[in-house]
*Asks:* 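Have a look at this one before I ask anything.
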Amino acid sequence: MARAASLSGFPEWLPADRIVEERVIDLLKHTFELHGFAAVSTRALEPLSALAKDGEIDKEVFAVSRLHGDGTDAKNPLGLHFDLTVPFARYVVENAGRLSFPFKRYQIQPVWRGERPQDGRFREFVQADIDVVGEDALAEHFEVEVPLVMAEAFGRLSELGVPPVRILANDRRLIEGFARGVGLTDIPAVLRGIDKLDKIGEEKVAELLAAEAGADARQQELCLALARIESPDASFADEVRALGVSHPLLDEGLGSLTRLLEAAHRRAPGTVWAQLKIARGLDYYTGAVYETQLVGHEDLGSVASGGRYDALASTGKRTYPGVGMSLGVSRLMSRLVGADRMVESTRSVPTAVLVAVSTEEDRPASDAVAAALRARGIPTDVAPAAAKFGKQIRYADRRGIPFVWFCDGETGHEVKDIRSGEQTGADPDVWTPPADDVWPRVERV
């Protein structure tokens, strides 16, 4: 087969780095399950009509069709999901009669977006989501619980060298109420503009607000003044009021965000900050919105984002409001195993023991040893060929396998620690490697 052209934006980790990724996922799953979140998996494809909403994500959707499809494909076009929230909302509606509410779920799957690949941004990437969904109503305290669970998950990742995080929160009602209070009516255009502030700067955002939202110079400056407000506590509300803008929706958003900051501060001081330039570009958010920064790696952008949505999931008769956050596993991996590698696996394969083969006629004896070790939970492989023992040891060394087993040593069965060179007699029904060597470990570089 001819070598295929490389595709940028589709990460394919080497085996040792996949071990790192699996450790990340295991730590996340453990944290989510400690807080009562149940695992869910949804299909990769959704109807384009469900994916192509009014937000600007439309142009990033990958459309999918069969090469030799029939007419039904054109009538019902499909696309790969660009996040896990939209398919989860559909899942809730379809399974509402079999779910107990409030329903807490986590979901770790790939998603696809046709954006330009760059540092930490991919076209195919793994997300880890948590959401809490209610039936017709959802208590406000979940808007505090979700970001704190995500912060705890990052805390568990600290064993891998992941730095502390700061979760930045805002409220869409606050932004919308402020925009309406200054006389603007095209709220999606205002949200899209503010959401681009970190990417393009204040001057370009002001131009966008003028061109797309019809904002005059005073309105532009007020919106930018709002976006500059940041606080580790509820004092942000006084700064907003000092701008002299009033609107009922602004008051509603201010009150909700203040309660969120106060409750988060009581439970985990310094974890959640108010940052009023957080807007989130997706159009289904209706209340609290979140982004997450790695302290010291702010240039990476948000590594976990989300918010509250009140109308994404609905049957017409019933509505299923929710709040959730998505953690970018692949984006995090780009830092953990990227150019400035932070962690590495102790070996590239799960194998702890390689059983040597003296001759091909003796392979059944090596297979029997391997079976005995595996039966006791020790990951074991058998040498692929009856080569010289030195070559078999090098085979293990290249893969980081710490032990080589010999069936015909001077005292019978013997096992060699190839790191220290120590070789001792061993019984395959009794011998066990040190606990730290049974499975690969992920260690800081």
*Asks:* Salt-bridge test for R341 and D17: reply yes if a basic N is under 4.0 Å from a carboxylate O, no otherwise.
*Replies:* yes

*Asks:* Kindly give the heavy-atom pair with the smallest separation between P433 and V438, and that separation in Å.
*Replies:* CG-CG2, 3.9 Å

*Asks:* Any Lys/Arg nitrogen of R228 or E221 sitting under 4.0 Å from an Asp/Glu carboxylate oxygen of the other?
*Replies:* yes

*Asks:* Taking all non-hydrogen atoms of both residues, which atom of V272 and which atom of L148 are closest, and how far apart?
*Replies:* CG2-CD2, 4.1 Å

*Asks:* In this structure, which one of D129, T292, T85 forms a side-chain hydrogen bond (donor to acceptor under 3.5 Å, both in side chains) with S326?
*Replies:* D129

*Asks:* Do other residues, nucleotides or ligands put more than 12 heavy atoms under 6.0 Å from D299 CG?
*Replies:* yes

*Asks:* So does E46 pair up with R43, basic N to acidic O under 4.0 Å?
*Replies:* yes

*Asks:* Report yes if the side chains of L257 and N170 come closer than 4.5 Å at any heavy-atom pair, otherwise no.
*Replies:* yes

*Asks:* Are R172 and D310 ion-paired here, with the side-chain N under 4.0 Å from a carboxylate O?
*Replies:* no

*Asks:* Are L208 and I200 side-chain neighbours, meaning at least one heavy-atom pair lies under 4.5 Å?
*Replies:* yes

*Asks:* Within the structure provided, determine whether V144 and R267 are in side-chain contact (heavy-atom separation under 4.5 Å).
*Replies:* yes

*Asks:* Please say which of I194, I187, D195 ends up in a side-chain contact (heavy atoms from CB on, under 4.5 Å) with L191.
*Replies:* I187

*Asks:* Can you measure from CG (D83) to CD (Q127) and round to the nearest 0.5 angstrom?
*Replies:* 6.5 Å

*Asks:* Which pair of non-hydrogen atoms, one from F122 and one from R331, has the smallest distance, and what is that distance?
*Replies:* CE1-N, 4.2 Å

*Asks:* Are L160 and M342 side-chain neighbours, meaning at least one heavy-atom pair lies under 4.5 Å?
*Replies:* no

*Asks:* Once rounded to the nearest 0.5 Å, what's the spacing between atom CD1 of I175 and atom CG of L249?
*Replies:* 10.5 Å

*Asks:* Which heavy atom of P102 sits nearest to which heavy atom of F142, and what is that distance?
*Replies:* CG-CZ, 4.0 Å

*Asks:* Under a 4.5 Å cut-off applied to non-hydrogen side-chain atoms, are T271 and F154 in contact?
*Replies:* no

*Asks:* Using a strict cut-off of less than 4.0 Å between a Lys/Arg side-chain nitrogen and an Asp/Glu carboxylate oxygen, indicate whether R23 and D26 qualify as a salt bridge.
*Replies:* no

*Asks:* More than 12 heavy atoms of other residues, nucleotides or ligands under 6.0 Å from NE2 of H265: is that the case?
*Replies:* no

*Asks:* In plain terms, say whether R218 and D216 are close enough for a salt bridge, that is, a side-chain N and a carboxylate O under 4.0 Å apart.
*Replies:* no

*Asks:* Between atom CG of L168 and atom CD1 of I278, what is the distance when rounded to the nearest 0.5 Å?
*Replies:* 5.0 Å

*Asks:* Do H35 and E152 have side-chain N/O donor and acceptor atoms under 3.5 Å apart?
*Replies:* yes

*Asks:* If we only count heavy atoms from C-beta on, is the R166 to Q275 side-chain gap below 4.5 Å?
*Replies:* no

*Asks:* Measure the acute angle between the ring planes of F103 and F101, then classify it against the limits of 30° and 60° as parallel, tilted or perpendicular.
*Replies:* perpendicular

*Asks:* Give the minimum heavy-atom separation between F62 and R123, together with the two atoms involved.
*Replies:* CE1-O, 4.1 Å

*Asks:* When you measure from the side chain of H81 to the backbone N and O of P110, does any donor-acceptor pair fall under 3.5 Å?
*Replies:* yes

*Asks:* Between S231 and E239, do the side chains contain a donor N or O and an acceptor N or O under 3.5 Å apart?
*Replies:* no

*Asks:* Closest approach of Y309 and G324, non-hydrogen atoms and distance?
*Replies:* CE2-N, 4.3 Å

*Asks:* Within the side chain of E298, is there an N or O that forms a donor-acceptor pair under 3.5 Å with the backbone of G296?
*Replies:* yes

*Asks:* Heavy atoms, side chains only, cut-off 4.5 Å: are R90 and P87 in contact?
*Replies:* yes

*Asks:* Donor-acceptor check, side chain of R113 to backbone of F82, threshold 3.5 angstrom: yes or no?
*Replies:* yes

*Asks:* Within the structure provided, determine whether R318 and D136 are in side-chain contact (heavy-atom separation under 4.5 Å).
*Replies:* yes

*Asks:* Is it the case that the side chains of T351 and R399 hold a donor-acceptor pair, with the cut-off being a distance below 3.5 Å and no angle test?
*Replies:* no

*Asks:* State the CD-CZ distance between E21 and R18, to the nearest 0.5 angstrom.
*Replies:* 4.5 Å

